[in-house]
Amino acid sequence: MTGHDTPLFLDGSAASHDALRAAVADVLDVLAGTDDRPPFPALDPAGLRTAAAAVEPLPDDAEPLRDVLADVGRQVLANGARVTDPWCAAHLHPPTLLTAAATELAIAVTNQSMDSFDQAPAATYVEDRLVSRLGTLAGLPAAASGVLTAGGTASNLLGLLLARDHAAGGANVNGLPPVAARWRILASSAAHVSVRQAAAVLGLGRDAVVAVATDDAGRMDVPALDRCLDGLRQTGAVPIAVVGTAGTTDTGGIDPLDALADRAADAGAWFHVDAAVGSALLLSDRLRPLLTGLERADSITADLHKLWWQPIGASVLLVRDAALLGSVREPADYLNRTDDADVLNLVDRSLDTSRRFDALKILVSLRATGRRRLAAMVEHLVDLAASAGDAVTDRPELELLAPPQTVMVLFRCRAAGLGEARLDELNVAVQRRLLASGRAVVGRTRHRGRVALKLTLTNPLTTAGDIAALLDTVVTTAKEAA
Ligand SMILES: Cc1ncc(COP(=O)(O)O)c(C=O)c1O
């Protein structure tokens, strides 16, 4: 067919299996060859652009896979962020369970597409089963449902779309009613930026999101929420959704979900919880109580590509009442036909059409690891963040900016005699120097208007010793930068 001998597809023949096995061995060899490197490349952006320019994506004729992979290994993989390095600690960007990574291969070669039953017969029901199980874990009723998405941003969008359609049945068909100009979504000022993005996409405008003040730990302040709700009532605005965050991006704070659920119920508003980060606490008997109130949510975002160690993308949007997902359904004659009422077509729950069978890697790796071990890893990271907070406090050159609550440690360098603006510059310089040298990937954000450094601990292999050494390096770098 192709005029070449090497099989291109896994077609069931022995030759195709051999070819895949050999290709996988080549990939593994390349990975092994790039193991020994710092968490970040010491190349500057221009150097990385040059390295990328040396990679030809579409030659006229085939090149041997080994050669291609060797080239890609040198120019690309060797210059990546190394998520397994304990000093790669800026983002919610974890090492991945190797059982999930290996299962990615099965997802790729079998290529089920989750939009319709006739493209994913068993996969459809397996994703449905996985989502139900996650719903039960979150404490939702048995009738809860959900769907996998590419990430927390997509899950938050879908959750808030359901909130919008709940506020005005028919908005999904007829567009926004005039009252929508007065609709508001209440989320804390520490909520993820995707909440504002979702409001923009949904036609409400970013400023329909009212930022509610937080306490010092970055959790929504309930009296402030009450004041916001009163203020909205007085101006005739309509709160259509309250968004709680279970694990904020910068402080890891968990909003008082029970109180938020009460306020949402009183206001007749949808209660969405962004548990992109905090959903992993559900795994642990010890930590689960921190999420009390989550079970009252109308919709929940849970990112499994964060503290559940799945390769990107693996997020889920859980919905308390499966029927409400119906507002997403748009039948098409070729796909989710109205006369095929007896089959499940997951496109009916999703904003995507073609979609990967990510449920498989999740299911395989969760089973192969077991809840108890996953829980132990989450607990280790939460404990590590607490001890890292102490380690920051123990160093006079550093200042802890918020008490660690889940896996984030927010701090900054300080230096005697420097005003706030110079301190900001110093902290920017520290983060940039560490990144440019490739030695450490430390987060940089702002807290209460000032530049802050951040460790996000997602690597269960990281020890207190790794953190102590990293903090010492931060201190030394600050001295150099000052
Ligand atoms: C609290 C929270 N929600 C949502 C997101 C967005 O998730 P994703 O990057 O998977 O789209 C993030 C990302 O860090 C987050 O921290």
Side-chain angles (χ1 to χ4, degrees), residues 81 83 88-94 96 100 134 138 146-161 163 185 187-201 206 209 211-212 214 217-220 241-255 257 260 272-282 290-291 294 297 299-318 350-352 355-356 358 361-362 378 381-382 385 402 404-410 441 443-447 452 454-459:
V83 292
C88 191
H91 296 283
L92 286 152
H93 179 203
T96 54
L134 294 173
V147 68
L148 295 194
T149 76
T153 303
S155 293
N156 282 341
L157 173 62
L158 184 52
L160 290 173
L161 180 144
I185 295 167
S188 92
S189 56
H192 192 256
V193 62
S194 52
V195 173
R196 278 175 63 83
Q197 286 291 36
V201 174
R206 293 192 177 110
V209 179
V212 181
T214 57
R219 297 170 296 217
M220 190 188 281
V242 174
V243 176
T245 307
T248 62
T249 317
D250 280 346
T251 69
I254 298 171
D255 288 344
L257 301 177
L260 270 57
H272 175 74
V273 179
D274 178 354
V277 178
S279 58
L281 305 190
L282 289 169
L290 294 172
L291 299 177
L294 179 69
S299 56
I300 300 172
T301 290
D303 276 7
L304 307 183
H305 60 210
K306 294 188 165 60
L307 291 170
W308 299 63
W309 302 287
Q310 297 299 314
I312 298 164
S315 178
V316 60
L317 189 271
L318 299 170
S350 178
L351 296 176
D352 293 315
R355 191 163 59 79
R356 288 163 46 91
D358 285 310
K361 72 190 182 198
I362 299 169
V378 178
L381 290 169
V382 170
Q405 294 160 81
T406 47
V407 299
M408 290 76 173
V409 187
L410 202 62
V441 191
R444 169 155 60 87
T445 182
R446 280 185 179 268
H447 182 69
K454 177 172 70 163
L455 302 183
T456 307
L457 304 177
T458 63
N459 183 346

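Order of appearance sets the numbers: ligands from 1, and atoms from 1 within every ligand. Residue indices begin at 1 and follow the sequence shown. In this text, all values refer to a predicted model and were calculated from it rather than measured experimentally.
- The proximity of H305 to ligand 1, defined as any non-hydrogen pair under 4.0 Å, is limited to the side chain.
- For the pair D274 (side chain) and T245 (backbone), a donor-acceptor distance under 3.5 Å is absent.
- Judged purely by atom type and a 3.5 angstrom limit, S155 has no side-chain atom pairing as donor or acceptor with the backbone of T301.
- Under a 4.0 Å heavy-atom criterion, T248 is not in contact with ligand 1.
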Inset, instruction - Kindly determine whether R206 and Q197 satisfy side chain to side chain contact (heavy atoms under 4.5 Å, CB included), including the steps that lead there. - result: CA-CA 6 Å; R206 293 192 177 110; Q197 286 291 36; 2.8 Å; yes
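- Shown are V277, T445, L455, T458; of these, the side-chain contact (heavy atoms from CB on, under 4.5 Å) with M408 is made only by V277.
- Residue T245 has no nitrogen or oxygen atom sitting less than 3.5 Å from a nitrogen or oxygen atom of ligand 1, judged on distance alone.
- Using a distance-only test at 3.5 Å, with no hydrogens or angles considered, a donor-acceptor pair links the side chain of H305 to the main chain of A314.
- Listed by number with element, the atoms of ligand 1 under 4.0 Å from a non-hydrogen atom of A276 are 2 (C), 3 (N), 4 (C).
- For atom 2 (C) of ligand 1, the nearest protein heavy atom (residue, atom name, distance) is D274 OD2, 3.5 Å.
- Taking all atoms of both residues into account, the shortest heavy-atom contact from A217 to Q405 is O-NE2, 2.6 Å.
- Nearest protein heavy-atom neighbour of atom 15 (C) of ligand 1: H192 CD2, 3.4 Å.
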Inset, instruction - Start with the C-alpha gap between L282 and L294, add the side-chain angles, then the distance that decides, and say whether side chain to side chain contact (heavy atoms under 4.5 Å, CB included) holds. - result: CA-CA 10 Å; L282 289 169; L294 179 69; 4.0 Å; yes
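- Nearest protein heavy-atom neighbour of atom 16 (O) of ligand 1: T249 OG1, 2.8 Å.
- With hydrogens left out, the protein atom closest to atom 7 (O) of ligand 1 is K306 NZ, 3.0 Å, a heavy atom.
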Inset, instruction - Show your working on side chain to side chain contact (heavy atoms under 4.5 Å, CB included) between R355 and L148 and close with a plain yes or no. - result: CA-CA 9 Å; R355 191 163 59 79; L148 295 194; 3.6 Å; yes
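- Proximity of I312 to ligand 1, defined as any heavy-atom pair under 4.0 Å, is not found for any part of the residue.
- Residue, atom and distance of the protein heavy atom nearest to atom 11 (O) of ligand 1 are T153 OG1, 2.6 Å.
- Residue nearest to atom 8 (P) of ligand 1, selected from A150, G313, G152: G152 (by heavy-atom distance).
- If you number the atoms of ligand 1 from 1 as listed, the ones under 4.0 Å from a heavy atom of L92 come out as 14 (O), 16 (O).
- Near G247, the atoms of ligand 1 lying under 4.0 angstrom from a non-hydrogen atom of the residue are 1 (C).
- Put simply, the side chain of S188 never gets that close to the backbone of R219: no donor and acceptor are under 3.5 Å apart.
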